[in-house]
Student: 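Shown below is the structure under consideration.
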Protein chains: 2
Amino acid sequence: MNTRDKILATAKNLILKVGYNAFSFSDISVPLGIKNAAIHYHFPGKEALGCAVIRKEHENVIKWKNEVDKLDPWQKLERFFRVYDKNMVHNRICMVGSISSDLYAVPESMRDCLHAMVVDINQWLTELLEEGRRLGTFQFHGPAEGKAAVVVTSLAAGLQIARVLGSDKFEQIKNQIKLDITPTKDDN
Amino acid sequence: MNTRDKILATAKNLILKVGYNAFSFSDISVPLGIKNAAIHYHFPGKEALGCAVIRKEHENVIKWKNEVDKLDPWQKLERFFRVYDKNMVHNRICMVGSISSDLYAVPESMRDCLHAMVVDINQWLTELLEEGRRLGTFQFHGPAEGKAAVVVTSLAAGLQIARVLGSDKFEQIKNQIKLDITPTKDDN
DNA sequence: GTCTATATGTCGATAGAC
DNA sequence: GTCTATCGACATATAGAC
């Protein structure tokens with residue numbers, strides 16, 4: 001892993017742990033054993049670094065979508081949960097939650113990067129729920145778009161609230177999400 | 001309204017808009033037409049100000065609970081939604097979402113203040129859902145505690161995601177929450 | 001590509017006058 | 001209770017040596 005990728009990985013973890021505005025270049029350079037100036041060689045400024053982190057995360061989302069493409073709806077959902085689980089164990093929140101909660105305190109270019117990513121995630125989850133309902137493996141009322149919004153926000157803020165109430169709360173939320181889309185024998 | 005309360009109100013709005021770490025004393029003193037030193041007279045430091053803001057918000061929650069105590073479950077839920085609506089129109093997120101998403105970038109004393117408030121809100125919503133289900137006005141599967149967690153996180157992150165996708169997304173989420181607890185004639 | 005050294009700005013905080 | 005003036009710490013960023 002080259003220095004540039006190490007910087008990106010460290011910056012990503014910091015954004016998910018303390019937020020974009022709360023980390024400094026020293027929080028990256030010290031653990032990596034480099035100097036602040038080295039970061040500026042790879043990225044012109046903090047704003048560019050922030051954008052690069054979000055864009056890379058967005059690329060990972062796209063790759064991930066292709067990886068899970070052949071799975072059935074429940075498997076896809078479990079894989080989706082696993083993405084959040086990986087952050088949960090490190091007390092990190094998700095990229096969307098971190099940047100959007102600080103949205104008016106980050107540069108506009110980063111907001112644009114985030115927007116593209118959020119649209120993609122929402123669309124993927126909407127299609128998953130729609131497909132699952134069509135196949136009869138999921139059951140819920142109303143438009144899949146609204147259901148997708150409830151699911152993704154429950155997970156996003158679930159990571160946030162679990163910091164305060166403990167990881168059990170996040171497990172509760174995942175269980176409830178599943179319950180809320182599990183078909184009942186006699187529903188219409 | 002005295003200076004102390006004006007400072008508290010301004011600080012609260014800033015926390016909900018840009019987050020605790022992203023606002024400075026000047027963001028308070030300039031619009032209020034005072035100097036930074038005046039803030040330090042009322043609050044020894046930023047940490048104390050942050051705690052005071054959360055504690056005041058917590059007190060408001062307690063008062064609010066008493067106000068809506070006699071309403072029926074659906075009315076209570078609508079009033080609960082209205083709290084978030086008031087933030088939505090100003091592109092603010094909720095206190096729990098703002099502080100918890102920056103939790104490891106705020107002083108520990110603020111985390112303690114937030115914890116007490118989150119516990120209170122969760123308990124209130126759990127009891128509301130439990131009561132509504134007992135009366136047959138709500139319907140959902142699983143423990144009310146888990147359902148409460150899904151509802152409150154959908155609203156919290158709903159405000160965050162609405163910053164990116166627009167306020168329509170927040171309306172969608174509220175509608176879906178209601179759909180997901182609306183009784184169906186033949187469910188068991 | 002990474003370093004040292006430094007520029008420049010802003011922030012929270014405090015002392016002391018009024 | 002509010003002001004002026006100032007301090008020290010830390011942030012991002014840059015110039016130039018290696």
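Only a predicted model underlies this, so the values are computations on that prediction, with no experimental measurement involved. Numbered from 1 within each chain, the chains take letters A, B, ... in sequence-line order.
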Student: Measure from CZ on B:Phe43 to C1' on D:dG1 and round the result to the nearest Å.
Tutor: 14 Å
Student: May I ask you to evaluate whether B:Thr3 reaches the phosphate of D:dT2, defined as a side-chain N or O under 4.0 Å from OP1 or OP2?
Tutor: yes
Student: Find out whether A:Leu128 and A:Phe138 are in side-chain contact, i.e. whether some heavy atom of one side chain is under 4.5 Å from a heavy atom of the other.
Tutor: yes
Student: B:Lys35 side chain: which of C:dT4, D:dT4, D:dG1 is closest?
Tutor: D:dT4
Student: Looking at DNA chain D, which of residues 9-16 of chain A put a heavy atom within less than 4.0 Å of it?
Tutor: none
Student: Which residues in residues 48-57 of chain A have at least one heavy atom lying under 4.0 Å from any atom of DNA chain C?
Tutor: none
Student: Taking atom types as modelled, find out whether A:Arg163 and A:Asn91 have a side-chain donor-acceptor pair closer than 3.5 angstrom.
Tutor: no
Student: Please examine the side chains of A:Glu57 and A:Lys12, heavy atoms only from C-beta on, and report whether any two atoms are closer than 4.5 Å.
Tutor: yes
Student: For the pair made of CD1 in A:Ile34 and C1' in C:dT4, what is the distance, rounded to whole Å?
Tutor: 15 Å
Student: Enumerate the residue pairs fulfilling ring pair (Phe, Tyr, Trp, His ring centres under 6.0 Å) with a member in residues 97-124 of chain B, sequence neighbours excluded, ordered by first and then second residue.
Tutor: B:Trp64-B:Trp124, B:Phe80-B:Trp124
Student: Starting from P on C:dC11, measure out to CD1 on B:Ile28 and report it in whole angstrom.
Tutor: 12 Å
Student: Do B:Phe23 and B:Lys46 have side-chain heavy atoms sitting under 4.5 Å apart?
Tutor: yes
Student: Could you name each residue pair satisfying ring pair (Phe, Tyr, Trp, His ring centres under 6.0 Å) that touches residues 38-61 of chain B, not counting sequence neighbours?
Tutor: B:Phe25-B:His40
Student: How would you list, by chain and number, every residue that makes a salt bridge (Lys or Arg N to Asp or Glu O under 4.0 Å) with B:Glu127, sequence neighbours excluded?
Tutor: none
Student: Quickly work out the A:His42 NE2 to D:dA13 P distance and round it to whole Å.
Tutor: 16 Å
Student: Should A:Val152 and A:Val119 be regarded as members of a common hydrophobic cluster, given that ILVMFWY residues are connected when their side-chain heavy atoms come within less than 4.5 Å of each other, either directly or indirectly?
Tutor: yes
Student: Quick one: what's the B/S/- string for nucleotides 12-18 of chain C, heavy-atom cutoff under 4.0 Å, read 5' to 3'?
Tutor: SBB----
Student: So, is B:Tyr41 close to the D:dG1 phosphate, meaning a side-chain N or O under 4.0 Å from OP1 or OP2?
Tutor: yes
Student: Is a donor from one side chain sitting under 3.5 angstrom from an acceptor on the other, for B:Asp180 and B:Gln176?
Tutor: yes
Student: Quick check against the 3.5 Å criterion: does B:Thr137 have a side-chain atom that pairs as donor or acceptor with the backbone of B:Gly132?
Tutor: yes
Student: Is there a donor-acceptor contact under 3.5 Å from the side chain of A:Gln139 to the main chain of A:Thr184?
Tutor: yes
